[in-house]
Engineer: 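Structure below; questions to follow.
Every chain is numbered from 1 and lettered A, B, ... according to where its sequence line falls, protein lines coming before strand lines.
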2 protein chains.
Amino acid sequence: MARAPRQGPYICGIDAALDVVSGKWKGLILWELDSHGVRRFAELRRALPGVSEKMLTQHLRELEEDGLVHREVYAEVPPRVEYSLTEQGRALNQALRPLGAWGTERIRQQSIATVGEVAAADARGRAPRG
Amino acid sequence: MARAPRQGPYICGIDAALDVVSGKWKGLILWELDSHGVRRFAELRRALPGVSEKMLTQHLRELEEDGLVHREVYAEVPPRVEYSLTEQGRALNQALRPLGAWGTERIRQQSIATVGEVAAADARGRAPRG
DNA sequence: TGCGGTACTTACCTTTTCGTAAGGGGGACG
DNA sequence: CGTCCCCCTTACGAAAAGGTAAGTACCGCA
């Protein structure tokens with residue numbers, strides 16, 4: 001896990017679950033692997049705009065250590081490495097689905113709120129949160 | 001939110017949801033407020049073994065800014081402040097429930113695995129993982 | 001008079017995380 | 001011959017997150 005647990009590791013399941021998905025790109029990696037099944041390193045890199053190779057390998061290794069992602073190396077030239085979800089990884093993604101729906105709804109409401117804010121500020125002739 | 005979003009903020013709902021619950025104690029705070037309804041500052045502090053006052057106030061303020069937690073201040077002496085979940089906060093906790101279940105199951109399986117590991121290592125007469 | 005309890009705030013420091021840049025060892029392509 | 005692609009690895013440094021300790025202002029209790 002590469003992270004030090006609190007003292008006497010986890011207090012509840014949320015705690016344990018958040019521990020393995022915390023990381024700037026882990027949610028997206030899981031999401032990408034869930035929707036495509038199998039992805040290669042370069043494919044993931046292209047799917048995650050802005051990720052560095054270092055962070056991608058690092059996160060993939062952590063997810064692998066945590067038993068969520070399977071890493072299959074083909075001893076070919078050029079080298080080929082395929083990433084996919086393990087059984088646990090798929091279960092995690094199932095568990096993440098309601099959270100994703102909540103997040104999507106939140107984004108939607110916030111964009112509406114922001115538009116409203118901007119429109120209201122516009123009507124008053126100045127910018128919001130100046 | 002106090003965190004800088006990626007470029008063009010969120011790619012998917014998971015992303016947005018993880019953003020608001022990422023923080024060493026936020027999951028626990030949400031959990032505590034969900035199971036007790038209303039909690040005061042000192043009650044939360046006692047419920048989160050090891051949290052510092054600084055982190056607790058900081059996380060509570062972020063959760064409040066994110067519209068997940070309601071903060072009610074009573075102008076009394078001694079001061080009294082009550083924290084509770086907003087509608088959005090309750091919805092988030094609902095969405096977190098499957099994740100919590102997954103985490104609980106994971107903890108259970110890991111403790112079994114660890115016991116097995118220790119037992120196996122014990123049988124060989126040495127400690128696991130160096 | 002001193003201590004504990006209320007709910008913080010502030011300054012300072014350490015730890016963790018993330019990003020940047022470079023290299024590596026091959027093979028395909030022009 | 002040079003360059004790109006593949007999948008990383010390493011070193012270095014900045015930024016963010018988190019921890020420690022002290023201070024605030026007021027009250028009740030002994």
Engineer: For A:Ser111 and A:Arg108, indicate whether the former's side chain and the latter's backbone hold a donor-acceptor pair under 3.5 Å.
Structural biologist: yes
Engineer: Specify the separation, in whole Å, of atom CE of A:Met55 and atom P of D:dC12.
Structural biologist: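 Rounded to the whole Å, the gap is 19 Å.
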Engineer: A:Glu76 CD to D:dC6 C1': how many Å, rounded?
Structural biologist: 11 Å
Engineer: Which whole-number value in Å describes the distance from B:Leu60 CG to C:dT9 P?
Structural biologist: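 Going from B:Leu60 (CG) to C:dT9 (P), I get 11 Å.
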Engineer: Between the protein and nucleotides 13-15 of chain D, which nitrogen or oxygen pairs are less than 3.5 angstrom apart?
Structural biologist:
none

Engineer: Rounded to the nearest angstrom, tell me the gap between atom NZ in A:Lys26 and atom C1' in C:dC18.
Structural biologist: 13 Å
Engineer: Salt bridge check: are A:Arg39 and A:Glu32 linked by an N-O gap of less than 4.0 Å?
Structural biologist: yes
Engineer: Rounding to an integer number of Å, can you tell me how far B:Lys24 NZ sits from D:dA17 P?
Structural biologist: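 Answer to the nearest Å: 14 Å.
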Engineer: When you measure from the side chain of A:Thr86 to the backbone of A:Leu68, do you find a donor-acceptor pair of N or O atoms at a distance under 3.5 Å?
Structural biologist: yes
Engineer: Could you list all the salt bridge (charged side-chain N to carboxylate O under 4.0 Å, His left out) pairs where at least one residue sits in residues 91-104 of chain B, not counting sequence neighbours?
Structural biologist: B:Asp34-B:Arg97
Engineer: So, using side chain to side chain contact (heavy atoms under 4.5 Å, CB included) as the criterion, who are the partners of A:Val81 when residues are at least two apart?
Structural biologist: A:Arg71, A:Val73, A:Tyr83
Engineer: Please list, chain by chain and in numerical order, all residues satisfying salt bridge (Lys or Arg N to Asp or Glu O under 4.0 Å) with B:Glu72, sequence neighbours excluded.
Structural biologist: none
Engineer: Go through the structure and list residues passing side chain to side chain donor-acceptor pair (under 3.5 Å) with A:Arg45, not counting sequence neighbours.
Structural biologist: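 Not a single residue meets the side chain to side chain donor-acceptor pair (under 3.5 Å) criterion with A:Arg45.
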Engineer: Which residues pass the side chain to side chain contact (heavy atoms under 4.5 Å, CB included) test with B:Glu87, sequence neighbours left out?
Structural biologist: B:Arg90
Engineer: Using the 3.5 Å cut-off, write out each protein N or O paired with an N or O of nucleotides 1-7 of chain C and the distance between them.
Structural biologist:
| unit_1 | atom_1 | unit_2 | atom_2 | d |
| --- | --- | --- | --- | --- |
| C:dT6 | O3' | B:Arg40 | NH2 | 3.0 |
| C:dT6 | O3' | B:Pro79 | O | 3.3 |
| C:dA7 | OP1 | B:Arg40 | NE | 3.1 |
| C:dA7 | OP1 | B:Arg40 | NH2 | 3.2 |
| C:dA7 | OP2 | B:Ala42 | N | 3.2 |

Engineer: Note every stem involving DNA chain C: at least three consecutive Watson-Crick or G-U wobble pairs, i with j then i+1 with j-1, with both distances under 3.5 Å.
Structural biologist: C:1-30 with D:1-30
Engineer: Applying salt bridge (Lys or Arg N to Asp or Glu O under 4.0 Å), can you list everything that pairs with B:Arg46, at least two apart in sequence or on another chain?
Structural biologist: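 Partners of B:Arg46 by the salt bridge (Lys or Arg N to Asp or Glu O under 4.0 Å) criterion come out as none, since no residue qualifies.
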Engineer: Going by salt bridge (Lys or Arg N to Asp or Glu O under 4.0 Å), name the residues that satisfy it together with B:Arg61, two or more places apart in sequence or in a different chain.
Structural biologist: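 So B:Arg61 forms no salt bridge (Lys or Arg N to Asp or Glu O under 4.0 Å) with any residue.
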Engineer: In whole Å, I'd like the distance from the CG atom of A:Leu56 to the P atom of D:dC6.
Structural biologist: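 Going from CG in A:Leu56 over to P in D:dC6 covers 13 Å.
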Engineer: Under 3.5 Å, is there a donor-acceptor pair between the side chain of B:Asn93 and the main chain of B:Leu30?
Structural biologist: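 Answer holds: yes.
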Engineer: Any side-chain heavy atom of A:Leu18 within less than 4.5 Å of one from B:Leu99?
Structural biologist: yes
Engineer: I'd like to check the salt bridge (Lys or Arg N to Asp or Glu O under 4.0 Å) partners of B:Arg40; sequence neighbours left out, ordered by chain and number.
Structural biologist: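 Scan of B:Arg40 (salt bridge (Lys or Arg N to Asp or Glu O under 4.0 Å), adjacent residues dropped) gives none.
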Engineer: How close or far is atom C1' of C:dC18 from atom CD1 of A:Ile29, stated in whole angstroms?
Structural biologist: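 Rounded to whole Å, this separation is 13 Å.
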Engineer: Can you pull every protein N or O that's under 3.5 Å from an N or O on nucleotides 1-3 of chain D?
Structural biologist:
none

Engineer: I need the CD-C1' distance between A:Glu72 and D:dC7, as an integer number of Å.
Structural biologist: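 Rounding to the nearest Å, CD of A:Glu72 and C1' of D:dC7 are 15 Å apart.
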